[in-house]
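Have a look at the structure below before the remarks.
Letters go in sequence order (proteins before strands), and every chain restarts at 1.
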2 protein chains.
Amino acid sequence: MIKHNHTECRSAMMPVRDALDVISGKWKLQIIISIQSGNKRFREIERSIPKITSKVLAKELKDLEEHQLIKRTVYDESPVLVEYTPMPYAETLQDVIIALQKWGLNHRKKILGK
Amino acid sequence: MIKHNHTECRSAMMPVRDALDVISGKWKLQIIISIQSGNKRFREIERSIPKITSKVLAKELKDLEEHQLIKRTVYDESPVLVEYTPMPYAETLQDVIIALQKWGLNHRKKILGK
DNA sequence: AATAGCAGTTACCTAAAGGTAACCAGTAAA
DNA sequence: TTTACTGGTTACCTTTAGGTAACTGCTATT
């Protein structure tokens, strides 16, 4: 083999796979960003994310809760009050989010600049 | 730190959306990693990515070419020789890839550590 | 002559993601 | 009393992603 290394390639690819298994899809990172920005209530989060629907949001919130990225708290007032808050683990995604933000900004500039 | 600001939330979310429009999905980053590792030929790339199929690979390679992340070169020998190589623009994804790798590694440790 | 590799394409199908709209119970404001 | 808000759920449907397997023309190997 000249220069490319099969093993090295695998060990670069696998962790990306593992990460994408958790945070892939159109909505998960957007929801985390919304909650990290201070949105707590279901409708509040829903309104903060263009085009998302109740059904999709409900499902994705469950996924994120299962992965311990957010916490769902029910305050038993009447009517019931529900709050979604970020777990500390969600902060570990900052580098990913920032890298994607930077790349997205740059990409938009590139596209519009043509 | 965390402010409850609608505008701020949007401007954090939109670039992530833009980025995901280009590099979302199970395969695109894996393909870029494979090509950046030195794999050039169709079958070579295919073999380097577990579980990918010819059909999916062909489609994703077209997408990546359209977004100018990779280049397809046909050498008109006989039989035809085709090479895929990374464009300089693909290098701008390094931060994203590295962030995802780190997070994926850490996440796997977290899951197995329980 | 048969087999295998190359770079894909095609047809067919399933599974997952996502959209649309209606609906629930409870509360509060108009 | 009607309207609207809350946090979702349900049923139904479409779209997209992705898998399976066969097949192409061409060449090189066995």
Side-chain angles (χ1 to χ4, degrees), chain A residues 1-2 4 6 13 16-32 34-35 38-67 70-86, chain B residues 4 6 13 16-32 34-35 38-67 70-86:
Chain A
M1 295 270 138
I2 308 152
H4 61 262
H6 221 318
M13 218 158 47
V16 172
R17 250 180 204 240
D18 291 340
L20 291 179
D21 280 347
V22 179
I23 54 161
S24 70
K26 214 171 161 177
W27 304 113
K28 292 199 180 63
L29 288 178
Q30 293 185 69
I31 293 168
I32 288 173
S34 172
I35 293 176
N39 295 312
K40 289 173 164 40
R41 314 285 298 275
F42 189 90
R43 296 292 182 206
E44 201 176 22
I45 298 163
E46 188 177 4
R47 282 189 300 263
S48 76
I49 302 174
K51 311 277 187 186
I52 203 169
T53 61
S54 312
K55 185 192 136 188
V56 169
L57 179 56
K59 187 214 140 219
E60 301 282 281
L61 285 171
K62 274 175 202 158
D63 285 3
L64 293 173
E65 208 195 337
E66 269 175 32
H67 285 111
I70 61 170
K71 205 176 80 175
R72 183 176 183 271
T73 314
V74 182
Y75 297 98
D76 209 354
E77 304 164 10
S78 186
V80 184
L81 173 68
V82 179
E83 274 190 6
Y84 294 92
T85 46
Chain B
H4 186 114
H6 221 327
M13 218 159 46
V16 172
R17 246 180 209 243
D18 291 340
L20 292 180
D21 280 347
V22 179
I23 55 161
S24 70
K26 213 171 163 180
W27 305 112
K28 292 199 181 62
L29 288 178
Q30 293 185 69
I31 293 169
I32 288 171
S34 172
I35 293 177
N39 295 312
K40 289 172 163 39
R41 314 285 297 275
F42 189 90
R43 296 292 181 206
E44 201 177 22
I45 298 164
E46 188 178 3
R47 281 191 300 262
S48 76
I49 303 173
K51 310 278 187 186
I52 203 169
T53 61
S54 311
K55 185 191 136 190
V56 168
L57 179 56
K59 186 212 139 221
E60 300 282 281
L61 285 171
K62 275 176 201 157
D63 285 3
L64 293 173
E65 208 195 338
E66 269 174 32
H67 285 111
I70 60 170
K71 205 176 79 176
R72 182 177 184 271
T73 313
V74 183
Y75 297 98
D76 208 354
E77 306 163 8
S78 187
V80 185
L81 172 69
V82 180
E83 274 191 6
Y84 295 92
T85 46

Treat primed atoms plus P, OP1 and OP2 as sugar-phosphate and everything else as base, then score nucleotides 12-30 of chain D 5' to 3': B for base contact with protein heavy atoms under 4.0 Å, S for sugar-phosphate contact only, - for none.
B-----BBB-----SS---
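Expressed to the nearest 0.5 Å, how far NZ of A:Lys51 lies from CD of A:Glu46 amounts to 13.5 Å. Summarising the geometry, atom CG belonging to B:Leu29 is positioned 12.0 Å from atom CZ belonging to A:Arg17; distances are rounded to the nearest 0.5 Å.
The rotation axes computed at either terminus of the helix from C:dA1-D:dT30 to C:dC24-D:dG7 lie 30° apart, taking five pairs at each end and rounding to 10 degrees.
Under the 4.5 Å side-chain criterion, counting only non-hydrogen atoms from C-beta, A:Arg72 is not in contact with A:Leu61. Considering only heavy atoms from C-beta on, A:Ile35 stays 4.5 Å or farther from A:Leu64 through its side chain. With contacts defined as side-chain heavy-atom distances shorter than 4.5 Å, the pair A:Val82/A:Phe42 does not qualify. Between A:Tyr84 and A:Ile31 there is no side-chain heavy-atom pair separated by less than 4.5 Å.
A straight line from OH of A:Tyr75 to P of D:dG8 spans 13 Å, rounded to a whole angstrom. Here D:dG7 presents its P atom at 8 Å from CD of A:Glu44, a figure rounded to the nearest Å. Atom CD1 of A:Ile70 and atom P of D:dG7 are 13 Å apart (whole Å). Atom pair A:Glu77:CD and D:dG7:P shows a separation of 11 Å (rounding to whole Å applied). Look at CD1 on A:Ile31: it is 15 Å from C1' on D:dG7, rounded to the nearest Å. Rounded to an integer number of Å, the gap from A:Asp76 CG to C:dA25 P is 18 Å. The distance from atom CG of A:Leu81 to atom P of D:dC5 is 17 Å, rounded to the nearest whole Å. C:dA7 atom C1' lies 9 Å from atom CD of B:Glu46, rounded to whole Å.
A pairwise comparison of heavy atoms in A:Leu20 and B:Gly25 identifies CD1-O, 4.0 Å as the closest pair.
The phosphate of C:dA4 (OP1 or OP2) has no side-chain N or O of B:Arg43 nearer than 4.0 angstrom. Here B:Lys62 reaches the OP1 or OP2 of C:dT9: one of its side-chain N or O atoms lies under 4.0 Å away. Residue B:Arg41 has a polar side-chain atom (N or O) positioned under 4.0 Å from OP1 or OP2 of C:dA7. OP1 or OP2 of D:dT6 has at least one side-chain nitrogen or oxygen of A:Arg47 nearer than 4.0 Å. OP1 or OP2 of D:dG8 lies within a sub-4.0 Å distance of a side-chain N or O belonging to A:Tyr84.
With salt bridges taken as basic N to acidic carboxylate O contacts below 4.0 Å, none links B:Glu65 and B:Lys62. Look at B:Lys40 and B:Glu83 and you find no salt bridge, because none of the NZ, NE, NH1 or NH2 atoms lies under 4.0 Å from a carboxylate O.
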